[in-house]
Amino acid sequence: MHTIEKTHPDLAEAVIRKTLPSGLKCYIIPKDGVRAYALTAVDFGAADLSYRDGDRQVCLPPGTAHFLEHKLYEKEWGDAFAAFAAGGAAANAFTDADRTAYYFSAATDFEKHFRLLLRLMEPPRFEEGSVAREREIIGQEIDLYADKADWSAYFRMLSCLFPRHPVRNQVAGSRESIEEIDEKILYDCYERFYQPANMILVCAGPVNASRILTLAEEAFSAPTQAPLPRLIPPEPDRTRSLRTRVQGDAAVPVFTLGIRVDAAQTQGLRAAYGFRLLLDTLFGEGSDFYAGLYRRGALDEPVGLSFQHGRGYAFAALSGVSPRPRAVWDAVWETVDRCRAEGLSNRDIERVRQKQMGRFQRGLGDTEAALMSQATLGLRGEDIVDAYAALEALGPDDAAVLLGFLNADDAVMAVAGGKG
Amino acid sequence: MAVEVLQKTGITWCFEDSQSHTGQLWLLFRLPLRRETATHTALLARVLSAGCEGAASRQVLARRLEELSGAMLEVSVVKKGEEQLLAFRVEAPRLRQRETLDLLRRMATAAVCEEDAFPAAVVDREKAALVRTLASRRDDKTAYAKERATQFLCAGEPFGVDADGYAKDVAGIGPRSLWQCYRRTIGTAPVVALGVGWDRTMAREELEKWLTPRPEATRPRARQKVEVPKAPLRVFDPLPATQAQLVMGWRSRAAFLPLLVCSEVLGGGGSSRLFGSLREGEGLCYSVGSFVYRYPKILIARAGLDPRAADRASESMAKAVAELADTLTDEEVERAKASLLDHYSGLPDTPAALADFLLDQLLNGEPASLEDFSQKLRAVTREDAAEAAATLALDMIYVLAERME
């Protein structure tokens, strides 16, 4: 297994890659600075609710990966989260649809905390009653997000856009689903998924790459189990165009408009960055779409834009606050139809591409942002240099092809607040 | 890290000379925080974002910034202590900094004008947007509860004024009065020009072309003495919500750094007392913590929880603070200091965070030096922290919830 160092003439940062004998993929971004970061991510997220284990199909309650994220810190030797804090490091973790990630940053004693991060990936040990207690805490977390209108609208959109795919579920599950999660489920999931071949390690900042690789190799020396196949129910071909309202309170309506796209045809960096370029050109701050809605009082601020893709799903999303979400919906499809008929402006695409390349370069200047970008890319075997190169290579033809994937029949707008 | 500070003709120049390829430049016009003018300034920030000479609309401005490799230039209001700052914040790659400063000059000095007034259509459009933005703030219950609690706690004091403005005050603002506010603010308000990773020579050269001399900022300002009532103010703020938001405020006369250490011990993170007791011990909440306002000195503890647990949690918080002075251990204080020092020492990695730190130091009349700050923080002893904790006087218990339980 060789160590590879990748660079790009536009980027101040290089990435060092190595896959260890255990299967753990390592990515290191050495950077000047004070604070060093390290992250481990497991290819097991909120959307992993069914997998094949030998002849068995195992189904999990929504919220399982997130619950395990909360409980992984509980070790036979004590509370790993408290151990980070005791050493003065800032530790945190998160779960999204596709992964669970654990990370810390420290201005001093990086190696001490890095060893702690490696030990964090060892098996948890739950004291009696601790899973029940954590259920209460997670219940409060679920309530916290229930009070966020944008979050409620986003997951309502997903649940309509994907009638079957588990990406439709809230990351933490529901108050009901977490009642089904017990110690056995958590131990089983740890055993099945917290395997080096199903994980990545990312470090960024003033770090010694060879030392990191040595320590990681020592920590993950045991033979590893191949990732288990996940089972995803097939989706119906079409979603049908839909606008839906979320119960709840918002002073000014909060909306998310999701557009499902063919997941099989839109995997890979070129599609991911191509969609971001297309969405920003069509609906971003400099677009005619935003200028028109702003003039009419239907949007005060630009919409948030994203493209998300994972195992068996892909969608574009526009989110924002509008007194007239219906006008936003109409303007989206008028814009798409007009661009289909008249073609995209090459000048607009190039301007937005320059902006995105500039922001990509500057984003890497922030060590934490560099870490998080690599953490997203690493589980797919990609890195920041690949991503920048993909963005750099994009042109009007890519945007024109991807425009064909945006169809009102595959779209849902969910709105929280407002009337009717 | 070397920071150069220079005070001249009402302008405080503060530049940090790192060579990062992205820089932050903040230009902050300092205004006293007053109810009578707060909404004007908040609206002004919106109107100035809507266009200027040579870039007469939001769209043209946005496109110009896209051409400058995605540089960012935003105008907003910032609340710092008893001041409201009209803030122009620029982020630009080194090679595009001069061009971005030219855009900043036009936004600050050459707003679109019609006969000594902003265009009425622009003002009306932004007034409607400001009213909606103010209304939308209640949709983020955690942030809203913190702001509301501060307003109740400091009612009648400058710090209790909402720097984002008041919906009720928007209607009374006209294009001409806003234009006068604009000319007065840009022409006479004391300024802080703050650069991190920015070419200081070029920045001063560009900014001095149009930043005219102005009165020096007056420091220290006359500050109100506030008596703490014998019984804390209890506020119930009814709002539809699944969770209740509990916010408690304690006044203090102590120095800032010992108070900061107290707050870190109390609710600064995963090893804090409140995290250990309310979350891990009693399972009452997911989100819990504390922080300190530097001026006026107020310690805030907060949690999002089941409405039925609000009373129990407020009792636990009050007890935790009351016990703090007598029970602080050396180990806790050292751990809190280590955590804070780790946080502050990492600021130079993030230009915006470093700029914010330097701004706080300047506005509080402290040296703009991370080294100086860290040295003073290191010197805080358990006795200092205990003394600070002993001054904490509970002044308010605020609960945002759908109904009283």
Side-chain angles (χ1 to χ4, degrees), chain A residues 12 33-35 81-82 84-91 105-108 133-134 136-141 143-144 146-150 205 248-252 254 284-288 290-291 294-295 297 300-302 321 323 351-352 354-359 361-362 365-368 417, chain B residues 20-22 57-60 62-63 65-72 91 93 96 125-126 128-130 132-133 135-142 239-243 269-272 276 279-280 283-287 304-306 335 337-339 341-351:
Chain A
V34 179
R35 186 175 285 278
F81 193 67
F84 279 112
S105 67
T108 54
R133 199 163 56 241
E134 201 66 34
E136 289 302 312
I137 296 168
I138 293 173
Q140 288 302 322
E141 188 178 358
D143 288 350
L144 173 87
D147 281 335
K148 292 182 185 290
D150 53 352
D249 171 62
V252 183
V254 174
E285 198 165 2
S287 67
D288 291 336
Y290 172 57
Y294 169 80
R295 268 195 305 275
D300 294 327
E301 303 298 335
V321 176
R351 191 188 64 248
V352 173
Q354 289 298 328
K355 163 185 144 181
Q356 293 196 347
M357 286 168 61
R359 294 214 175 149
Q361 291 172 29
R362 297 211 301 284
D366 181 322
T367 312
E368 184 170 2
Chain B
S20 73
H21 62 232
T22 293
S57 69
R58 279 179 183 258
Q59 186 179 31
V60 180
R63 290 186 171 192
L65 289 165
E66 285 174 343
E67 286 163 1
L68 295 171
S69 301
M72 293 196 260
E91 181 192 300
R96 312 311 290 263
R125 173 70 191 80
E126 294 304 334
L130 179 58
R132 278 193 289 270
T133 303
S136 285
R137 290 191 309 174
R138 74 178 170 89
D139 296 335
D140 179 346
K141 304 287 188 298
T142 307
L239 199 67
T242 312
Q243 264 197 335
S271 64
S272 70
R279 176 176 153 148
E280 300 298 299
L284 287 182
C285 52
Y286 166 72
S287 161
L305 32 68
D306 186 319
R335 195 168 57 213
K337 281 161 56 180
S339 165
L341 285 164
D342 186 83
H343 165 75
Y344 282 101
S345 64
L347 293 183
D349 290 349
T350 313

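Chain letters run A, B, ... following the sequence lines, proteins first, then strands; residues in each count from 1.
- When atom types are taken as modelled, the side chain of Gln354(A) and the backbone of Ser69(B) share no donor-acceptor pair closer than 3.5 angstrom.
- Put simply, the side chain of Arg63(B) gets close to the backbone of Gly286(A): a donor and an acceptor are under 3.5 Å apart.
- For Gln356(A), no part lies near chain B; criterion is any non-hydrogen pair under 4.5 Å.
- Using a cutoff of 4.0 Å between basic side-chain nitrogens and carboxylate oxygens, Arg132(B) and Asp300(A) are scored as salt-bridged.
- Between the side chain of Arg133(A) and the backbone N or O of Glu280(B), at least one donor-acceptor pair lies under 3.5 Å.
- Looking at Val321(A), only its side chain comes within 4.5 Å of chain B, counting heavy atoms on both sides.
- Both the backbone and the side chain of Tyr294(A) have a heavy atom closer than 4.5 Å to some heavy atom of chain B.
- Using a 4.5 Å cut-off between heavy atoms, Glu301(A) touches chain B through its side chain atoms alone.
- Across Arg125(B), Glu126(B), Arg138(B), the residue that shares the most heavy-atom pairs under 4.5 angstrom with chain A is Arg125(B).
- Ranked by heavy-atom pairs under 4.5 Å with chain A, the first of Ala71(B), Gly276(B), Gly283(B) is Ala71(B).
- For the atom pair Glu285(A) CD and Gln59(B) CD, the distance stands at 10.5 Å (nearest 0.5 Å).
- At a 4.5 Å heavy-atom cutoff, the contact between Asp288(A) and chain B is made by backbone and side-chain atoms alike.
- No side-chain heavy atom of Arg279(B) sits less than 4.5 Å from a side-chain heavy atom of Gln140(A).
- In this structure, the portion of Asp140(B) lying under 4.5 Å from any heavy atom of chain A is its side chain and not its backbone.
- The structure places CD1 of Ile137(A) at 12.5 Å from CG of Leu305(B), a figure rounded to the nearest 0.5 Å.
- Of the possible donor and acceptor atoms, none in the side chain of Asp342(B) sits under 3.5 Å from a partner among the backbone N and O of Ala106(A).
- The candidate with the highest count of non-hydrogen atom pairs below 4.5 Å against chain B, out of Gly358(A), Ala82(A), Ala149(A), Gly297(A), is Gly297(A).
- In this structure, Asp147(A) contributes its side chain and Thr242(B) its backbone to a donor-acceptor pair below 3.5 Å.
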Evaluate the side chain to side chain contact (heavy atoms under 4.5 Å, CB included) criterion for residues Leu341(B) and Thr108(A): first the C-alpha distance (whole Å), next the side-chain angles of each, then the deciding distance (0.1 Å), finally the verdict. CA-CA 10 Å; Leu341(B) 285 164; Thr108(A) 54; over 6 Å; no
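- The side-chain heavy atoms of Thr142(B) and Leu144(A), taken from C-beta on, include a pair separated by under 4.5 Å.
- Contact of Leu65(B) with chain A is not made at all, since no heavy-atom distance falls under 4.5 Å.
- In this structure, Arg58(B) is not positioned above the aromatic face of Tyr290(A) in the sense of NZ or CZ being under 6.0 Å from the six-membered ring centre and within 45° of the axis.
- Once rounded to the nearest 0.5 Å, the distance linking CG of Leu68(B) with NZ of Lys355(A) reads 12.5 Å.
- With chain B as the partner, the residue from Arg295(A), Glu368(A), Glu141(A), Lys148(A) showing the most heavy-atom pairs under 4.5 Å is Glu141(A).
- Looking at Thr350(B), only its side chain comes within 4.5 Å of chain A, counting heavy atoms on both sides.
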